[in-house]
Amino acid sequence: MNYNKFHKFIEEQNTEEKEELYERLKQRLNLPEAPAKENKNTGFIQFFKKPYRIIACASAALVVLCLAIFIPLALKGGELAEERYCYEKDCVKTDIASIKDYAEENDLPLLYLEWYEKGQLIYSNLFSDNTEKFVYIKEKISNDETGDLVILYITDKNTKVDVFEKFWNICDIEYTFNSNLIYWKAQSSESLAYFENGNYRYFIELVRPMSEEAILDIVREMLPE
Amino acid sequence: MKKFFKLCALSFSLICVLIFGGWTNGTDIEERYADVQLLSPAANEVIEFSSRTVENYYTPGDFPYFESENGMSNACGAVAGAEIVSFYDKYFDDLIPGWDACYPNGRYRIQDHVYIPAVMWEMYELMQTNVNAPGVNEQEFLNGLKAYINGKGHSVSYNNIVNGSNFDFETYKSELHNNKVTALLAHAGDVYFVSQNDTQDKIVPINIAGSHIMVAFGYDIYRYYDANGNLFRTDYYLEVAMGMDALTLALYKINPHNLSAAYIVDIK
């Protein structure tokens, strides 16, 4: 069909009649509506026409992706794990041979007093929660040469137990040894101290100390050089 | 008629209450000494002062600190009894045959895995621990300890220095200096740690949530003075072996005290 012949005829008419003629022509020829002209000056695509914007957005997306991957890994490592408070009465107590044996069997870098040959191990207990998760270790040991009696507790840095309350309440003197910060207090009946090493927290009770700084001798004996 | 019956019912109820009340008041509920929980009360006490003195004494060589053996329950009586005889074994070495009560440097030994468990189990049975009811009562503790001492060929006398709210500290102090220790039969209450500083002391309480038997072998007297040198407070503490896994040694305050009895034990 020669659309142009009609088109030319209509174009030579005046405006009002032209519009009417165009409308009649469309109806008779069943022509679709002419597509709207594209506005090329706005929109998502227009935004990314600049190369530097593409680079900036890609960089930001990469940073977000990295954070999404590495933050959970860091949290899982335990550095930011949630603290818990436990009660000794709620723990399950089991006997272990000694802290030394427990550390070797489980490949853990635990500190202990090497008095097993020159003293007496009264007991060594592992305290777990009701899911069998480690809460703390307690070891009572004496030194037959000096008569010193020491109670040693070990827990991880994210765990607090009610039996440690007296250490936090009493140990208000600070002492540094080999970059380890130690909190301690000497009393006539017993001396107390606590410190952190690696991922663990250590609490030491020395019954009837023979000198004011005897507890620090015990701590120095435990810490690696 | 209705009113009459109501009056009768009320009178009958009143009579029953009076009778029952009289009966229960006349029947003391027996105190028994058994396993107890340790609780950490939230509040410490802080005492501020200009100066402070501490008068301290404990028995030569300190004291043998024991705790109950695996398999024992409510054993504070047996543990206290074993500590007492081990203390006196230094002076009468046949109280625990074969046991050397002190280290070479003179300090009391802590428990071993042979001799002291045997003594403890014997005390446990002689005191009839958990037989009539959980733990022991006062008579079972005293009788069991006496039976052990007599069985070793020695005699024992008990002197109770508690009379109501009064604790005879002078007698306690005098006997302590004669190497006599005291068995404390305590109601539920607090023991303490005192954290000393230059111008303030922190009194840290630990609550013993039940009746408990422990042994006193020393004392600490804290005297606090203000800026004018006036004595404004005096605290009397006994040094006590707690006989517990969770707590070895603590201070027991006697002004005021919460004791049922305090028996100075004299073995001959």
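Order of the sequence lines sets the chain letters (A, B, ...), proteins ahead of strands, with each chain counted from 1. As the structure is a computational prediction, the values presented were derived from the model and not from experiment.
- Only the backbone of B:Val194 comes within contact range of chain A, judged by heavy atoms closer than 4.5 Å.
- A:Ile173 does not touch chain B: none of its heavy atoms, backbone or side chain, sits under 4.5 Å away.
- Checking side-chain atoms of B:Asp190 against main-chain N and O of B:Pro205 turns up no donor-acceptor pair under 3.5 Å.
- Of the atoms belonging to B:Tyr58, it is side-chain heavy atoms, and not backbone ones, that fall under 4.5 Å from chain A.
- The side-chain contact (heavy atoms from CB on, under 4.5 Å) with B:Asp89 is formed by just one residue from the set B:Ile96, B:Val119, B:Ile267, B:Ile84; it is B:Ile96.
- For B:Tyr222 and B:Tyr237, the distance between ring centers is under 6.0 angstrom.
- Contact of B:Tyr65 with chain A is made through the side chain alone, with heavy-atom distances under 4.5 Å.
- Ranked by heavy-atom pairs under 4.5 Å with chain A, the list B:Asn56, B:Leu38, B:Asp112, B:Leu247 is led by B:Asp112.
- In this structure, A:Arg201 forms no cation-pi arrangement with A:Phe167, as its terminal cationic atom is not both closer than 6.0 Å to the ring centre and no more than 45° off the ring axis.
- Per-residue counts of heavy-atom pairs under 4.5 Å with chain B were compared for A:Asn125, A:Asp172, A:Leu192, A:Ile151; the largest is that of A:Asp172.
- Using modelled atom types and a 3.5 Å distance limit, the side chains of B:Tyr192 and B:Asp235 yield no donor-acceptor pair.
- A:Val163 does not touch chain B: none of its heavy atoms, backbone or side chain, sits under 4.5 Å away.
- Heavy atoms closer than 4.5 Å to chain B are found in the side chain of A:Ser188, but not in its backbone.
- Ranked by heavy-atom pairs under 4.5 Å with chain B, the list A:Lys166, A:Glu165, A:Lys185 is led by A:Lys185.
- Here A:Tyr136 and A:Phe203 keep their ring centres 6.0 angstrom or further from each other.
- Judged purely by distance below 3.5 Å, without hydrogens or angles, the side chains of A:Tyr123 and B:Asn70 never pair a donor atom with an acceptor atom.
- For the options B:Glu239, B:Arg107, B:Gln196, B:Arg109, heavy-atom pairs under 4.5 Å to chain A are most numerous at B:Arg107.
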